[in-house]
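Step one of this worksheet: look at the structure below.
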Number of protein chains: 2
Amino acid sequence: MRLFWAKGYHATSLKDLEAALNMRPGSIYAAFSSKEALYLAALQRYFERSRDDLRARLEEAPSPVAALAGLLRATAGVVEDEAATAACMIVKTLLDTTAAEPEIADRSRGYLDAMRDEFAAAFERAQAQGEIAPDADAMRLARRFQSQLNALRIEAHRGTPRAELDALADDMARGFEDLRAATISAASA
Amino acid sequence: MRLFWAKGYHATSLKDLEAALNMRPGSIYAAFSSKEALYLAALQRYFERSRDDLRARLEEAPSPVAALAGLLRATAGVVEDEAATAACMIVKTLLDTTAAEPEIADRSRGYLDAMRDEFAAAFERAQAQGEIAPDADAMRLARRFQSQLNALRIEAHRGTPRAELDALADDMARGFEDLRAATISAASA
DNA sequence: AGAGCTATTGAGTGATCGCTCAAGAGCCAT
DNA sequence: ATGGCTCTTGAGCGATCACTCAATAGCTCT
């Protein structure tokens, strides 16, 4: 997963995979049936981990918006030793996939949609418990949140220094925390 | 350029380039000296067009912030027949480039930096002419703007429907137009 | 027309691609 | 120990990769 994540589908050869998995080609093809299937398995694992990490954050944080804002700020903090795995693997996959691999592209879109739905559900919970205004469009907020998160991680991949990354994450996080403030001020008005 | 943009560096073969350029391998290697050099030439052309388009918008628009907000909204409107060229070629390049092609990665970063500096200069002009608060950090605003623009274009690449894309662009554009409102309200306060 | 030059051609280079499969290793029950 | 089963091995498959170069075509001079 990490190898595919770092190098991408096309740039990763079976030689690379043999070394990373410590398996010979025959074993690889016995366990998985093709390079594409192996990639799809890696992508699925990546998605499940991302989703589970998000859910864990939502459970532990005091509120949905706090969890999401925290995720943005934490993402800036993950200055990986390998910057190649700073960007989201699903986004990398989507941008790298052409018409030659429609299955991979479709799955990528599906995973992104699933993550967006998780975000949307979180915003709906924030509305239900009065953290943000009830008349907002949760799906629209989710799309905005996901876009910002993807952009932040691309910025990290690019090599933007930690301080600037923190500032950017803070700008983004505030954008969502302000929804809370707006609700409060509207309620108190 | 369009072929590399759509398919990416690794997935584009010389066969593809021969067809797209209507040139035989010998001619391609006489004109450019390698696939990598050809890619770099395409990337440079892409950058120059992007930069020139931005400058034209900044000249024509009534103000810097109006130009930048307009760029975001216009980007949502570019629902290409080919969604493969919706995302920024430089971003795609950066995410697709590995340690095997350091020259391409370096150039990508350089172009992104150059675009960010253009954005920063625009925000500085907005400050100079009183459109936004003079104490803001223009470079920080530029980084935020560039991140949002990249994210919006990825969203377009992903296939998000036009209406949702417009809503997202509007959210983003407002984020910058609000800098103006804050200045005005502060001035009028 | 013909010499001199540049630009183009496309068959072919070795290397590497994703992938296969006959042969052998490892393991367990008898 | 031996037969039977699963799993692993790695040489090697055809295809394709980026790339080369001797031969040719096309052009501009006199």
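Labels below follow one simple rule: chain letters A, B, ... track the order of the sequence lines, proteins then strands, and each chain is numbered from 1.
In terms of position along DNA chain C, the nucleotide closest to Tyr9(A) lies nearer the 5' end than the nucleotide closest to the other residue of the pair Tyr9(A) and Ser27(A). Checking Asn22(B) against Asp16(A), the closest nucleotide of DNA chain C that is more toward the 5' end is the one next to Asn22(B).
Aromatic ring orientation, Phe47(B) versus Tyr111(B): parallel (interplanar angle below 30°, classes split at 30° and 60°).
Atom CE of Met23(B) is separated from atom C1' of dC19(D) by 14 Å (rounded to the nearest Å). Regarding Glu18(A), its CD atom lies at a distance of 12 Å from the P atom of dC19(C), rounded to whole Å. In this structure, the CG atom of Leu14(A) is 15 Å from the P atom of dT16(C), given to the nearest Å. Note: NZ (Lys7(A)) to C1' (dG18(C)) measures 15 Å, nearest angstrom. Per the geometry, CZ belonging to Arg24(A) stands 17 Å off C1' belonging to dG12(D), to the nearest Å. Rounded to whole Å, the distance from NE2 on His10(B) to C1' on dC17(C) is 13 Å. The separation between Leu21(A) atom CG and dT8(D) atom P is 12 Å, rounded to whole Å.
Residue Glu59(B) qualifies as open at atom CD: its count of foreign heavy atoms under 6.0 Å is 12 or below.
When the side-chain nitrogen and oxygen atoms of Tyr29(A) are compared with OP1 and OP2 of dT20(C), none of them lie within a distance under 4.0 Å.
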